[in-house]
Amino acid sequence: MTDDHADTTSAAQAPDEAAAPTLDALMGERRKKRGALADAGIDPYPSRFDRTAVAADLHSRHEGLEPDVRTGEQARMAGRVTAVRRHGKLSFVTLSDVSGSIQLLLQQASLTDQAAAVLDSIDLGDWIGAEGEVITSRRGELSLEATELWLLSKALRPLPDKWHGLTETDTRYRQREVDLLANPDSRRVFEIRFAAIRAMRRLMEHRGFVEVETPILQPQAGGAIARPFFTHANALDIELSLRIAPELYLKRLVVGGFERVFEIARNFRNEGISTRHSPEFTALESYQAFGDLTDGMDLTEALVMAAAEAATGRTTFVTGDREIDLAGPWPRRPLLDALEERLGRRVHPTDDREELARVCRAHGVEPLDEWGPGKLVFELYDQVLLPETTEPVFLVGYPVEVSPLARHTADDPTMADRFELCIAGKEFANGYSELNVPEEQAERFEFSAAAKAGGDAEAHPADQAFVRALEYGLPPTAGIGIGIDRLVMLLSEVEAIRDVILFPMLRPEAG
RNA sequence: GCGCCUCUAGCUCAAUGGCAGAGCAACGGACUCUUAAUCCGCAGGUUCUGGGUUCGAAUCCCAGGGGGCGCACCA
């Protein structure tokens, strides 16, 4: 691939900045300071530190204090140094911990010898501990007037610009730890992510769902239509797929008597990477015995609302140039009605295929030969209707042809009891009344297996283990899947999926 | 995979064919209420890599690498 007919030995493979003289010098300075402390008998890497307060805690307890107040309260704090302002015999240090930041006020005259030595050697980025009295400065800022300081760990590498932070996207993704410590906005996004997931987990547990773990390495990927990643198990000498969805295993657990299960599942799909697609993404999937798609929509709505509330406390969010209000309840519209309104004519999977293909072309959808009528109807939704959605809406009723695991509608064998949640042109959730008739499931699998034999890389062979499970009896069941990454994108108002994934997939570093 | 854009000091950015610069960070100094502290001084470069054009290339051309965006595939 690389036509390196280069004559030289291309020794210019200097591993990143190892050869950068400036960086070497900066790191050398910091090593020197660390050494000086060690020489003075101060351990630069102490094994533990007990703190009594974090920044947010102090701020909330001492809110609104007048300037120049001494509280008499002693505190021990720890965190990273994010700013230093030295004024001769008086210094201010901004200490950032997990909760926020607080100012240390250091008067040379009242420092211990160790504190003086540590202060002398402090660099931006160092982890330090401090002990002293909680006061307000003359300007009224809540501060810890420290008399003792400890170095907890040295930052040998210089931090990014304290004002501009780190902007280069490549470095932000590759060295997320630096991004997180330098860019409060980045940190905020992940706080939203964690809070949203926590809220959804809490709600699921509250409703009696148990959190389970199903295989990521699977002999046969299933539960979705997608190209899998493959890997190899040496012990068994077999090829395995990374899961594309946990669905089939979760339903087997319902067969086994766990009537309400969910998994916050990392899924892997060997497909394009874009602003909205990551090869590795997280979905919440849940299955609820005795329910149908109505219960699925109820649960989906509750989950999204709970996530929004816990993560941001708001219901309105800006995405692109639209403002979205998540306040429910969300309308539930038959998909075919919505399509009729948009297209000016009714379409249905039983319509003549050529006629549907003409409708597609008329709306800029180029039909492929292998698409059946159900797929054509689905593509009209996907390419015409979906991008125009703004406020949350459940579209209900999808062609069976594109819903191989969903129960067909009672009075229409070509349509499935399935819904999708659409917000701002994107699909956020998908759910249905599960198909639980083993023979019908086996037939649907045969259809897919035929497609695979026909060369469709996204189709999968029949999953006999799953059909066998259905033969033991799957109760009526409602299933849902929610795209966590996209939900977090909406809640944190970022446009790139990589901004909500801690360590997104990238090409390996260096040559 | 295809197209467009981008890569300069640790970080953020200038320099459009004519001596590679600034701010922050660092280093030396002054300063007991700052909070993007201020002031004085000093230092810091494989301009992503390799070729080419030119008297002269960060700048123009070719090839390669990383990243971004759009399209395609998908959720």
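Chain A is the first sequence line, chain B the second, and so forth, proteins listed ahead of strands; every chain is numbered from 1.
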Problem set entry | For U49(B), the Watson-Crick or wobble partner whose two distances fall under 3.5 Å | A63(B)

Exercise. Mapping Gly165(A) and Leu90(A) to their closest nucleotides on RNA chain B, which lands nearer the 5' end?
Worked result: Gly165(A)

Exercise. To the nearest Å, how far apart are Phe229(A) CZ and A75(B) P?
Worked result: 15 Å

Exercise. Between atom CD in Glu379(A) and atom C1' in A72(B), what is the gap in whole Å?
Worked result: 13 Å

Exercise. When you check the phosphate oxygens OP1 and OP2 of C11(B), does a side-chain N or O of Thr167(A) lie under 4.0 Å from one of them?
Worked result: no

Exercise. Under the 3.5 angstrom rule, does the side chain of Thr389(A) hit a backbone N or O of Pro387(A) as a donor-acceptor pair?
Worked result: no

Exercise. What is the distance from NE2 of His87(A) to C1' of C31(B), rounded to the nearest Å?
Worked result: 8 Å

Exercise. Can you tell me how far P of A30(B) sits from CD of Gln108(A), to the nearest Å?
Worked result: 11 Å

Problem set entry | Atom pair distance, as rounded to whole Å: CD in Glu285(A) and C1' in A75(B) | 11 Å

For this session: Report the C-alpha distance between Lys251(A) and Glu285(A) in whole Å, list the side-chain angles of each, state the deciding distance to 0.1 Å, and finish with yes or no for salt bridge (charged side-chain N to carboxylate O under 4.0 Å, His left out).
Result: CA-CA 10 Å; Lys251(A) 279 191 271 194; Glu285(A) 279 204 18; over 6 Å; no

Exercise. Is the backbone of Ala75(A) close enough, under 3.5 Å, to the side chain of Glu131(A) for a donor and an acceptor to pair up by distance?
Worked result: no

For this session: Could you give the distance separating G56(B) and G52(B) at their C1' atoms, to the nearest angstrom?
Result: 15 Å

Exercise. For Arg507(A) and G66(B), is the shortest distance between a side-chain N/O and OP1 or OP2 below 4.0 Å?
Worked result: yes

For this session: Check every strand shown and say whether Glu427(A) touches a base, only sugar-phosphate, or nothing at a heavy-atom separation below 4.0 Å.
Result: sugar-phosphate

For this session: Could you tell me the separation between the CG atom of Leu111(A) and the C1' atom of U32(B), rounded to a whole number of Å?
Result: 12 Å

Problem set entry | Atom CD of Glu177(A) with >12 non-hydrogen neighbours under 6.0 angstrom | yes

Problem set entry | Phosphate-side-chain proximity, Arg174(A) and G67(B), N/O vs OP1/OP2 below 4.0 Å | yes

For this session: Let me know the distance between CZ of Arg227(A) and P of C73(B), rounded to the nearest Å.
Result: 13 Å

Exercise. For Glu168(A) and G66(B), what is the distance between atoms CD and P respectively, to the nearest whole Å?
Worked result: 14 Å

Problem set entry | Gln103(A) side-chain proximity, nearest of C31(B), U35(B), G10(B) | U35(B)

Problem set entry | Thr169(A), nearest nucleotide to its side chain (from U35(B), G67(B), C11(B)) | G67(B)

Problem set entry | Face-on cation placement of Arg176(A) at Phe503(A) ring, 6.0 Å and 45° thresholds | no

Exercise. Does Phe92(A) stack onto the base of A37(B), taking stacking as ring centres under 5.5 Å apart and planes under 30° apart?
Worked result: no

Exercise. In the structure shown, which nucleotide is the Watson-Crick or G-U wobble counterpart of G18(B), with both distances under 3.5 Å?
Worked result: C55(B)

For this session: Might you work through the ring pair (Phe, Tyr, Trp, His ring centres under 6.0 Å) test for Tyr398(A) and Tyr381(A), ending with a clear yes or no?
Result: CA-CA 9 Å; Tyr398(A) 283 74; Tyr381(A) 149 76; 5.2 Å; yes

For this session: Determine, for nucleotides 20-27 of chain B in 5'-to-3' order, which nucleotides have protein heavy atoms under 4.0 Å from the base (write B), from only the sugar-phosphate (write S), or from neither (write -).
Result: ---BBSSS

Exercise. So Trp330(A) and Phe394(A), would you call those rings parallel, tilted or perpendicular, with 30° and 60° as cut-offs?
Worked result: tilted

Exercise. Considering only C69(B), A75(B), U35(B), which nucleotide approaches the side chain of Thr275(A) most closely?
Worked result: C69(B)

Exercise. Is it the case that more than 12 heavy atoms not belonging to Glu495(A) sit under 6.0 Å from its CD atom?
Worked result: yes

